[in-house]
Amino acid sequence: MTTSADLTTAGVRRAAQARPLIAEADLPPARHFVDGAFVEGSTERVIDVVDPSSEAVIARIPEGTAEDVDRAVAAAVAAKNEWAGRLPRERSELLHAIADRLVENTELFSRLESANTGKPLAVSTDDVGQAVDTFRFMAGAVRATTSLAAGDYAENHLSVILREPLGVIGVITPWNYPLLMAVWKIAPILAAGNTLVIKPSEQTPLTTLKFAELVADLLPPGVLNVVNGYGSPVGARLAEHPDLNMIALTGSVNSGRAVARAAADTLKRVHLELGGKAPVVVFPDADLTAAASALRVAGFWNSGQECGAACRVLVHESVAERFVGQLVGEVQALVVGEPQAGEDVEVGPMVSKAHFDRVTGYLERAKKDGVRVATGGGALDGPGYFVAPTVLVDVPEGAEAAREEIFGPVITVETFTDEDEAVRRANDVPLGLSASVWTENARRSHDIAARLDFGTVWVNSHLVLASEVPWGGFKGSGYGRDLSIYALDDYSRTKHVMHNHER
Ligand code: NAD
């Protein structure tokens, strides 16, 4: 495959004057949040929180311990019966009040999130909007739950199905959407009548702590608790804790494995939203212009640090050259910059130096393996962990770049010759979170969507989500569903009560 595209990439757009995104007063208390109050940790050790656009340390949070977790779990256990006993209407009203609080503080949350992750303000503002909608949806859904109709299913025995909360849930969240991934857990967990202890990513704790601060007066003490710290020991203690009824993690496959192993001894439920490597299958009858323009967003939203990112194109060989030309045109037009540099910035830095090294390492190895760079291909000038929006072509079947989750602004392009090959190769990855099919043929769109082994399949679209529909994966992407009524189900248990009423 050839393309006339050259290797030019945009530089990093900087704000004209150094304007800090946040002031000291915007920061949440740098402590754990336990039993309705911010508390000191059991040690003096701290973790630096870094702005990835400038590499400056913007806060220091306490490094939590197993002891800190135990204290938070005890508070959540003490709060659970009162919270579980509230009527769905009462919990629903509270969730709406939380949503209102988020709306009132949208601008603050957006700035904090962008300062901590480097993501463009357009992305962080969208995150807050989605967080609000998640609370509103769960507030409504919990009042409309259904179960099997009560009735006699055995002679003279009346069966009633009760939906109960699980109890206390441990939650571990990643750095890519710190506020939104927390809310995807918190909203259904609270709606279903559970209490929780959440550990945000050690890299991005600020909006989770701010959330706790701003809803502290709305929730009874102990219902929501936040413990800061590293995966081990804080996440590991949550996963093994005997008093928790479930551990829910959004994160990498490796963390998912560790959590599931640690949870096994207590046989607590496990809910895992793990990595993705979404194929984008483009047939010759597709609207190529629409597909290329959609990939500009779906491949590079949140700088490609997105588990559903459209990162692996499989395009029919007959239209590959034309499609790559269009895609490269879109990618070269992306505006890369720090969040303060304008509302039109589309791509920010990688979240950390370690992740920047990981992404650029994938690019270096791909180049060594003979993969061709159609645009981008490496780091952009610092300060900040910026990587050029990249399209890799001539990617052979099975190449590392096309199989592993790079989690950066990188799209790989492979070609196929027929439908069966497209399906086989799209499915030939260990992850199964999401995929898309691009075709104007109705038979093909239904058939291919049914044969793709992914939890979400879009047709002529990619990365469009809604609170009403489930999000979650198959295979190595984990199990359990976020969003929708299915999340409420995951955070509830059903109890069958049977009454003998024989006269
Ligand atoms: P990560 O697995 O490194 O960290 C996620 C969380 O797990 C962090 O809070 C971390 O401290 C904690 N953790 C790490 N090791 C642990 C252990 N042994 N026990 C308990 N907790 C542990 O992931 P990340 O780098 O923060 O996030 C990126 C990953 O998250 C990507 O793989 C991405 O695909 C995935 N992700 C998935 C979804 C989804 O909906 N499926 C959404 C967002 C991100």
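Just so you know, ligand 1 is whichever comes first in the structure, and atom 1 is the first atom listed for that ligand. Sequence positions, counted from 1, serve as the residue numbers for this chain. As the structure is a computational prediction, the values presented were derived from the model and not from experiment.
A310 is linked by a side chain to side chain contact (heavy atoms under 4.5 Å, CB included) to V280, L295, A298, H462, counting only residues two or more places apart in sequence or in another chain. Taking T208 as the reference, A182, I198, P200, V226 meet the side chain to side chain contact (heavy atoms under 4.5 Å, CB included) condition, with sequence neighbours excluded. The side chain to side chain contact (heavy atoms under 4.5 Å, CB included) search around A115 returns L21, I22, I58, not counting sequence neighbours.
Using a 4.0 Å cut-off between a side-chain N of Lys or Arg and a carboxylate O of Asp or Glu, R296 and E346 qualify as a salt bridge. By the 4.0 Å N-to-carboxylate-O rule, D26 lies too far from K210 to be salt-bridged with it.
Neither side chain, E400 nor Y362, offers a donor N or O lying under 3.5 Å from an acceptor on the other.
Closer than 4.0 angstrom to ligand 1 by heavy atom are I172, T173, P174, W175, N176, M181, K199, P200, S201, E202, G231, G235, A236, L249, T250, G251, S252, S255, A258, V259, E273, L274, G275, G276, C307, E405, F407, L433, W471, sorted by chain and number.
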